[in-house]
**Student:** 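First the structure, then my questions, so here it is.
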Amino acid sequence: MIPFSNRFHGHSSLNYVYKNGQAVRNRSVTIKYVANKHRDKSRIAVVISKKTLKSAVRRNLIRRRIYEYVRLKIPDLKAVYDIAIIVTSSDFINLSHTEMSQQIDQLFFSARIIPKNKSIKTTPKES
RNA sequence: GCAGCUUAUUAGAUGAUCGCCCCAUGCUUAUUAAGAAAGUGUGGAGAGGAAAGUCCGGGCAGCAUAGAGCAAGACAGUCGCUAACAGCGACCGGGGGCAACCCUAGGGAAAGUGCCACAGAAACAAAACUACCCUUCAUAGCUUUGUGCGAAAGGAGGGAAAAGGUGAAACGAGUGGGGUAAAAGCCCACAGCAUGUUAUGGUGACAUGGCGUGAAGGUAAACCCUGUCCGCUGCAAGGAGAUCUGCAUUAAGAGUAGCUCGCUCGCAGGUCGAUAUCCGCUUGAUAUGGUAGGCAACUACUAGACUAGAUAGAUGAUCAUCCACGACAGAACCCGGCUUAUCGAUAAACUGCCAAC
RNA sequence: GGAGGAGUACCCAAGUGGCUGAAGGGGAUGGUUUGCUAAAUCAUUAGUCUGGGGAGACCUGGAGCGGGAGUUCGAAUCUCCCCUCCUCCG
């Protein structure tokens, strides 16, 4: 999980991201993001609908894996962002760790939240 | 050894690195003290047998310290257990299995009402219809020619409820004998059923036997009757600000239930501040061990223990090794059950068959 | 987390124990009408799964009212347990 200060608190702050954020998406994940100049720390949420995956255990598992990977990316962000990662396909549960990290890296780069070459350098360091 | 049956336990393990929530405690922001917040260090602890479905029951909270009557609803063998229950235990009756054992919404149909389609003579009150039997009328005919006898079909009167291609079910006591014009528990013997009473055993449901009486279709997960229980809403319950104006003080109105009573309460609006935070929130019908009681469910006493409390919601990620290659699945106020989902592994008791001693 | 409701043919739906071969409407298919279409009008329609027969057109048996049990002679309907979908709450 990510620290308490990097989470969203309350419903309305997430609604702001949904309404005003920019979106990048691929087949199974959508990322909405918006820059926030009032805060010192970025906030990140992972959203999985009960309709996409019925089992609570599997939803938790996806959420934890994404949170864990994104937690390591927080220091690399260019600025302070509010980010919502919305999972829209139940196939996401079957991805291996490398497949998952590739998809998220790709989306983060195309959103221009993190610089490309740094993201390539950091991943071997972490592992 | 094979096949089966019941119960209980368990629910991947170990290590490395990086992280999360809560609690305790130290330091810093910050040199009087106290409190709050943020950061940071150390230590402790961190999902289930079903956490699920929300199907029952209870605690707790608000409405009266939850009160009365009706309505509505739930339950249904007996005795016990329990805070309570539609639960559990033991037993009784019924059904299944060679057996261990399993299943069982199991009060009342002689209080009343309804329903029993189609088919069938008839669907529950008894009768009618067909067939059966007797008497009689009348006729063909026979004839000893006498107001003699008299078949079948037919008309009339009567008998009995034994027979009736249907149907889930047919008047609801079977078999054999007697009996009769023909029949029938009409009578007899044997066997069975219901009910009353009585004896024995059992707390009881009930079981076994004696005596008397009797002939009653099914359906109550149809209405209903009998007995027992039951107020409603649910932690999104509920609690925690400041201030001003108007109306009212009996009455009116409002509040919790479908209605009646009863009970309680002043009501309406504006402004500021919020749409959040804190409390409720985990020590409890608590689990574990021991002793005693009980066939058991369970209860009493005792010892030490504290074992999630989040709020976009904490147990994870990555890697390595091992094996049986890991099923179903994530607490949200808390308990007791039920039901449903579930890869396997282990242990114990018991039953049947086969073999050996 | 808690409370309530619904599920019948491709779609909308009626049906509260028995002749349901599942009413009715839309849709689909084929006629009539028109120079052609639309509209109107008439007729047909278990159309899903499965067993058997047939070269095929088609004929025929069974199941089937979200799924599974039970009560009953008989269940879309009554009872119980699941599944799916929808709505509400400070």
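Naming: A, B, ... by sequence-line order, numbering from 1 per chain.
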**Student:** Write down the partner of B:A151 under the Watson-Crick or G-U wobble criteria, each distance required to be under 3.5 Å.
**Tutor:**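 By the stated definition (distances under 3.5 Å), nothing pairs with B:A151.
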
**Student:** Between B:C20 atom C1' and A:E68 atom CD, what is the distance in whole Å?
**Tutor:** 9 Å

**Student:** Need the pair for B:U135. Rule: Watson-Crick or G-U wobble, both distances under 3.5 Å, any strand; none if unpaired.
**Tutor:** B:A156

**Student:** Look through every strand shown and name the nucleotide pairing with B:C81 as Watson-Crick or G-U wobble, where both distances are under 3.5 Å.
**Tutor:**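 Pairing partner: B:G87.
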
**Student:** For the side chain of A:R65, starting at C-beta, report the closest nucleotide among B:A317, B:A329, B:G313.
**Tutor:** B:A317

**Student:** Between the side chains of A:R71 and A:E68, is the shortest nitrogen-to-carboxylate-oxygen separation below 4.0 Å, so that they form an ion pair?
**Tutor:** yes

**Student:** Please confirm whether the backbone N or O of A:Y81 pairs with a side-chain atom of A:S42, one donor and one acceptor, at under 3.5 Å?
**Tutor:**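 Judged by distance alone, yes, a pair lies under 3.5 Å.
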
**Student:** Just to be sure I understand the rule, does A:R63 reach a base, reach only the sugar-phosphate, or reach nothing, if contact means heavy atoms closer than 4.0 Å?
**Tutor:**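 Here A:R63 touches the backbone only, sparing every base.
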
**Student:** Closest to the A:R58 side chain: B:U318, B:G330, B:C328?
**Tutor:** B:C328

**Student:** Each nucleotide N or O in nucleotides 42-47 of chain B that has a protein N or O under 3.5 Å away: list the pair and distance.
**Tutor:**
none

**Student:** Need the pair for B:A38. Rule: Watson-Crick or G-U wobble, both distances under 3.5 Å, any strand; none if unpaired.
**Tutor:** B:U28

**Student:** Quick one: A:L61 CG to B:U315 P, roughly how many Å, whole number?
**Tutor:** 11 Å

**Student:** Give none if B:A276 has no partner; otherwise give the nucleotide forming a Watson-Crick or G-U wobble pair with it, both distances under 3.5 Å.
**Tutor:**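 Across all strands, not a single nucleotide pairs with B:A276.
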
**Student:** Just how far, in rounded Å, is P of B:U17 from CZ of A:R71?
**Tutor:** 15 Å

**Student:** Please check if any side-chain donor atom of A:Y69 sits under 3.5 Å from a side-chain acceptor atom of A:D105, or the reverse.
**Tutor:**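 Checked: A:Y69/A:D105 side chains pair up, N/O donor to acceptor below 3.5 Å.
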
**Student:** A:Q106: which residues meet the side chain to side chain donor-acceptor pair (under 3.5 Å) condition with it, sequence neighbours left out?
**Tutor:**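 Side chain to side chain donor-acceptor pair (under 3.5 Å) list for A:Q106, sorted by chain: empty.
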
**Student:** Both distances below 3.5 Å, Watson-Crick or wobble geometry, any strand: find the nucleotide opposite B:G309.
**Tutor:**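 When the pairing criteria are applied, nothing turns out to pair with B:G309, so the answer is none.
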
**Student:** Strictly by Watson-Crick or wobble contacts shorter than 3.5 Å, is anything paired with C:G61, and which nucleotide is it?
**Tutor:** C:U50

**Student:** Should A:D82 and A:K32 count as an ion pair when the cut-off is N to O under 4.0 Å?
**Tutor:** no

**Student:** Polar pairs (N or O, both sides) under 3.5 Å between protein and nucleotides 21-27 of chain B?
**Tutor:**
| from | atom 1 | to | atom 2 | distance (Å) |
| --- | --- | --- | --- | --- |
| B:C21 | OP1 | A:F4 | N | 3.3 |

**Student:** For B:G62, give its Watson-Crick or G-U wobble partner with both distances under 3.5 Å, or none.
**Tutor:**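 Its partner is B:C232.
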
**Student:** In whole angstroms, how far is the C1' atom of B:A317 from the CD1 atom of A:I93?
**Tutor:**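 To the nearest whole Å, that distance equals 13 Å.
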
